[in-house]
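In this chain, residues are counted from 1 in sequence order.
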Amino acid sequence: MKNKIITTMSTLFMFIPWTILPLRMFDWALEQPQAETIIISYAVFMIFSGVFTLAAYSKDDEKNNLMKICLVINSLYLLFGILVLGLNFYK
């Protein structure tokens, strides 16, 4: 049961970063302070989801195909989130 919950959470974490696209269609989301906050929030979430999936996959006994897909995608999110945060604070 625990493995199914972790797999479900990792699967949901794959789709949440894509919610930034409809959110950015609003004019208020494109203005400077709000846009920066939204981007930083999504980057932090992507890093969290990547770390969560990596930790869950390394500890979990059941390594099913869906969890492998989640691992690859959330690891890419992790790398991209670190890149975005680095570029944001590099200014």
Side-chain angles (χ1 to χ4, degrees):
M1 180 70 176
K2 178 184 152 195
N3 294 336
K4 289 182 182 182
I5 292 172
I6 290 174
T7 303
T8 303
M9 288 176 60
S10 293
T11 304
L12 289 176
F13 288 164
M14 286 192 313
F15 298 108
I16 291 175
W18 291 99
T19 60
I20 196 170
L21 296 176
L23 183 65
R24 299 280 295 175
M25 293 169 65
F26 297 108
D27 290 333
W28 60 266
L30 299 174
E31 297 172 3
Q32 181 55 33
Q34 293 90 350
E36 188 172 337
T37 304
I38 290 170
I39 290 171
I40 289 173
S41 300
Y42 273 85
V44 168
F45 177 78
M46 288 165 58
I47 292 170
F48 168 75
S49 67
V51 169
F52 175 82
T53 305
L54 279 170
Y57 187 79
S58 65
K59 276 203 253 182
D60 198 10
D61 292 335
E62 181 183 343
K63 296 182 174 33
N64 56 24
N65 289 334
L66 181 58
M67 195 64 177
K68 290 177 186 177
I69 293 170
C70 293
L71 178 67
V72 169
I73 293 173
N74 285 332
S75 295
L76 290 173
Y77 285 168
L78 171 68
L79 295 174
F80 186 71
I82 290 171
L83 177 73
V84 166
L85 280 182
L87 288 174
N88 197 9
F89 291 120
Y90 179 69
K91 295 181 192 180

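Every residue two or more places apart in sequence or in another chain that forms a side-chain hydrogen bond (donor to acceptor under 3.5 Å, both in side chains) with W18 is listed here: Y77. Remark: S58 pairs with no residue by the side-chain hydrogen bond (donor to acceptor under 3.5 Å, both in side chains) rule, at least two apart or across chains.
No donor-acceptor distance shorter than 3.5 angstrom exists from the side chain of K63 to the backbone of K68, with no hydrogens or angles considered. Looking only at distances, no side-chain donor or acceptor of S10 sits under 3.5 Å from a matching main-chain atom of T7.
Here the CG atom belonging to N88 is positioned 7.0 Å from the CD1 atom belonging to I39, to the nearest 0.5 angstrom.
Using cut-offs of 30° and 60° on the angle between ring planes, the pair W28 and F26 is parallel.
Sorted pairs that involve residues 78-87 and meet side chain to side chain donor-acceptor pair (under 3.5 Å), not counting sequence neighbours, are lacking altogether.
Scanning both residues, A56 and I6, for their nearest heavy atoms gives CB-CG2, 3.3 Å. Nearest heavy atoms, I20 versus Y42: N-OH, 3.6 Å.
When hydrophobic clusters are built by joining Ile, Leu, Val, Met, Phe, Trp and Tyr residues whose side-chain heavy atoms come closer than 4.5 Å, directly or via intermediates, M46 is grouped together with L83. Under a hydrophobic-cluster definition in which Ile, Leu, Val, Met, Phe, Trp and Tyr are linked whenever side-chain heavy atoms come within less than 4.5 Å, directly or via other members, L78 and M9 are assigned to the same cluster.
Atom CZ of F80 has 12 or fewer heavy atoms from other residues, nucleotides or ligands within 6.0 Å.
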